[in-house]
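Everything below concerns the one structure shown next.
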Number of protein chains: 2
Amino acid sequence: MPDFPPLRPGSTIGILGGGQLGRMLALSAARLGFKTHIYCPDPDSPAFDVTPGRTVAAYDDEPALADFAARVDVVTYEFENVPVRTAALLGALKLLRPGANALAVAQDRLAEKAFLTVNRIPVAPFAAITDLDRLEAALAELGTPAVLKTTRLGYDGKGQRIVRNMEEAALAWELLSPRPLVLEQFVPFEREISVVVARGLHGEVAAFDAAENVHRDHILKTSAVPASIGSRTARQARLLASAIASALDYVGVLGVEFFVLAGGRLLVNEIAPRVHNSGHWTEAVCVTDQFEQHIRAIAGWPLGDPARLADVVMENLIGEEIETIPAALGAAVRPHVYGKAVSRRGRKMGHLNRIVLKKRAR
Amino acid sequence: MPDFPPLRPGSTIGILGGGQLGRMLALSAARLGFKTHIYCPDPDSPAFDVTPGRTVAAYDDEPALADFAARVDVVTYEFENVPVRTAALLGALKLLRPGANALAVAQDRLAEKAFLTVNRIPVAPFAAITDLDRLEAALAELGTPAVLKTTRLGYDGKGQRIVRNMEEAALAWELLSPRPLVLEQFVPFEREISVVVARGLHGEVAAFDAAENVHRDHILKTSAVPASIGSRTARQARLLASAIASALDYVGVLGVEFFVLAGGRLLVNEIAPRVHNSGHWTEAVCVTDQFEQHIRAIAGWPLGDPARLADVVMENLIGEEIETIPAALGAAVRPHVYGKAVSRRGRKMGHLNRIVLKKRAR
């Protein structure tokens with residue numbers, strides 16, 4: 001690996017994607033003295049409001065990508081579905097952090113599960129599904145219920161169906177094929193948690209505390225910290241997340257979602273090679289939050305301390321829930337509004353961090 | 001007072017001044033979903049990098065000011081020396097928060113001391129100096145040493161001289177007149193502290209904990225929290241700061257500097273009608289920091305909780321000290337780099353917040 005001196009303040013960080021994650025990365029980069037350049041096809045992207053550099057172009061617009069690369073010192077991204085060709089092109093022109101490897105693994109459920117299995121990270125039993133015969137055999141092997149999923153581009157519950165028998169499986173196959181599919185055993189879990197972990201340029205890792213996540217309509221609604229799990233399970237989750245980051249030779253911040261089974265056993269549900277919605281609580285109560293940590297990592301700076309100073313519950317504001325701002329703000333609530341022009345049903349518009357204060361003499 | 005509904009996210013906040021304070025205000029405004037428009041004569045102002053709206057024009061450029069006012073929903077400022085005529089013009093066109101009254105008081109040491117005295121806020125004995133005879137009489141009355149200061153435009157130790165006898169007083173008079181002057185008794189103090197206080201649109205106040213300030217070459221070097229003062233003195237400082245904000249019918253964040261005398265007696269040294277350098281620690285350890293608090297106040301939002309989650313020492317990075325970033329960063333140190341292109345001697349380039357972590361089982 002060629003030596004990379006720490007990026008100096010005043011350098012420019014290129015960010016692919018102009019949504020709320022790109023915006024929050026840009027805000028943190030500004031606090032560290034970096035300029036940012038956002039690349040996004042949508043001219044109304046909220047991140048454009050907080051950055052001096054802007055490119056509005058498609059992700060396959062090669063001249064625009066080359067121009068973008070020439071204007072920045074390092075490239076990162078806010079979403080895992082950066083096209084492979086885009087990542088390869090940018091990676092050839094400029095440092096790309098995290099690397100294309102993390103994208104390749106995270107974009108494909110089958111590749112992700114294979115990667116995790118090879119690295120002895122526990123996942124739910126699964127099988128690649130190429131045809132109906134294979135689906136029937138896998139269903140017999142894994143048992144029911146099971147979940148049939150597309151291997152690519154699934155999010156917020158899209159691209160998946162629970163199946164309880166072969167009849168439902170055949171129906172799900174009709175709906176989801178001919179895309180590549182994977183069948184997963186439906187594991188009865190007690191709760192879902194996630195760990196956001198950072199890995200620096202020289203291999204150091206720093207994991208945030210585990211958050212306990214609750215979804216509504218397949219969209220993350222709340223992340224509470226600490227999670228109601230034992231300290232051994234919490235430590236194990238941080239260790240597994242750190243092991244994944246190391247196995248990927250990762251640089252930056254990575255989100256890892258887990259199922260917690262009875263007795264505290266952990267299975268990895270999925271990984272996201274980016275700052276993560278379930279890590280938004282860190283901005284309110286951590287010495288270093290996930291956004292600053294990601295910027296520090298990709299800039300080759302030493303990682304910050306992920307220590308947590310208080311208990312907290314992060315709540316997503318979805319669709320018209322954003323209208324409760326500012327009337328419903330309690331004093332110990334830290335709001336974050338993403339600056340999106342239009343609130344649509346199911347669209348993440350902002351979040352609240354409710355901080356749990358201990359009584360303190362003044 | 002006409003009713004003012006809370007500013008809705010997506011509204012635009014106009015900020016006079018494009019230095020680090022304006023930049024930090026803009027970053028906090030963005031987190032609350034506001035757009036910002038920065039007005040500053042210097043095209044290289046660091047705040048321009050984080051705002052969608054920019055005006056580069058002189059503070060007496062009336063067409064530019066009118067255009068600026070038309071583009072924003074409320075106007076605030078990052079420095080107290082906004083020309084009175086500029087404030088009056090903007091105040092006639094748009095809501096100006098804090099109001100012109102606070103500027104008038106804070107721009108003139110004599111007006112400030114008179115205002116404080118009328119409101120029974122303790123200050124060091126002082127006298128307006130209009131000629132040498134008056135200076136001699138005041139020196140006899142207040143005793144030596146004393147400090148002769150210009151009433152306007154003093155900062156970082158500029159525009160003031162310590163005088164120990166009439167000979168030095170005459171020399172100081174030569175140097176500082178014909179500007180209006182004030183003589184202050186030099187009060188032997190044990191330490192300097194400051195309190196940043198916010199006052200909301202409906203009169204509610206919220207004071208941050210007092211910080212203990214150390215200057216180097218007349219420039220703030222560190223602010224430590226908690227200050228090494230008794231809890232009664234700390235409470236008294238918060239009460240005095242709150243009383244000043246209320247007496248000014250203030251909306252926004254106000255900085256109040258105090259001398260702490262033997263036995264804990266407090267004298268107000270000066271007030272600043274804006275976010276304050278000695279409040280930069282709040283961004284690292286408070287539920288709501290001074291920048292968010294200022295934006296909430298001027299937007300008519302409920303104030304946030306100023307509660308502090310950890311002990312902290314803020315250290316200014318002055319001139320070439322900025323070059324220690326990132327090499328000298330400890331893990332529990334939160335850096336803030338202002339993005340100024342050129343570091344000059346005595347120029348504030350950034351700051352560090354060193355957070356004091358309590359041992360915690362993980």
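By convention in this document, chain letters (A, B, ...) are assigned in the order of the sequence lines, proteins followed by strands, and residues within each chain are numbered from 1.
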Handout entry: For the student: nearest non-hydrogen atoms of B/Val50 and A/Ala30, plus distance
Key = CG1-CB, 3.7 Å
Exercise for the section: Look at A/Asn353, A/Leu7, A/Leu27, A/Thr36 and state which one has the largest set of heavy-atom pairs under 4.5 Å with chain B. Expected result: A/Leu27
Problem - Residues in residues 314-326 of chain A near chain B [non-hydrogen atoms, under 4.5 Å] - result: A/Glu323, A/Ile325, A/Pro326
Problem - Any residue meeting salt bridge (Lys or Arg N to Asp or Glu O under 4.0 Å) with A/Arg347, in chain and number order, not counting sequence neighbours - result: none
Completion exercise
Taking a cut-off of under 4.5 angstrom between non-hydrogen atoms, the residues of residues 332-342 of chain B near chain A are B/Ala332, B/Val333, B/Arg334, B/Pro335, B/His336, B/Val337, B/Gly339
Problem - Reported NZ-to-CG distance for the pair B/Lys358 and A/Leu309, which is rounded to 0.5 angstrom - result: 9.5 Å
Exercise for the section: First locate atom CD1 of A/Ile355, then atom CG of B/Asp305, and finally report the distance between them rounded to the nearest 0.5 Å. Expected result: 8.0 Å
Practice task
Would you mind checking which part of A/Arg54 comes under 4.5 Å of any heavy atom in chain B, side chain (CB onward), backbone (N, CA, C, O), both or neither?
Solution key: side chain
Problem - Residue list, ring-ring contact (aromatic ring centres under 6.0 Å, His included) with B/Phe34, at least two apart or on another chain - result: B/Trp301
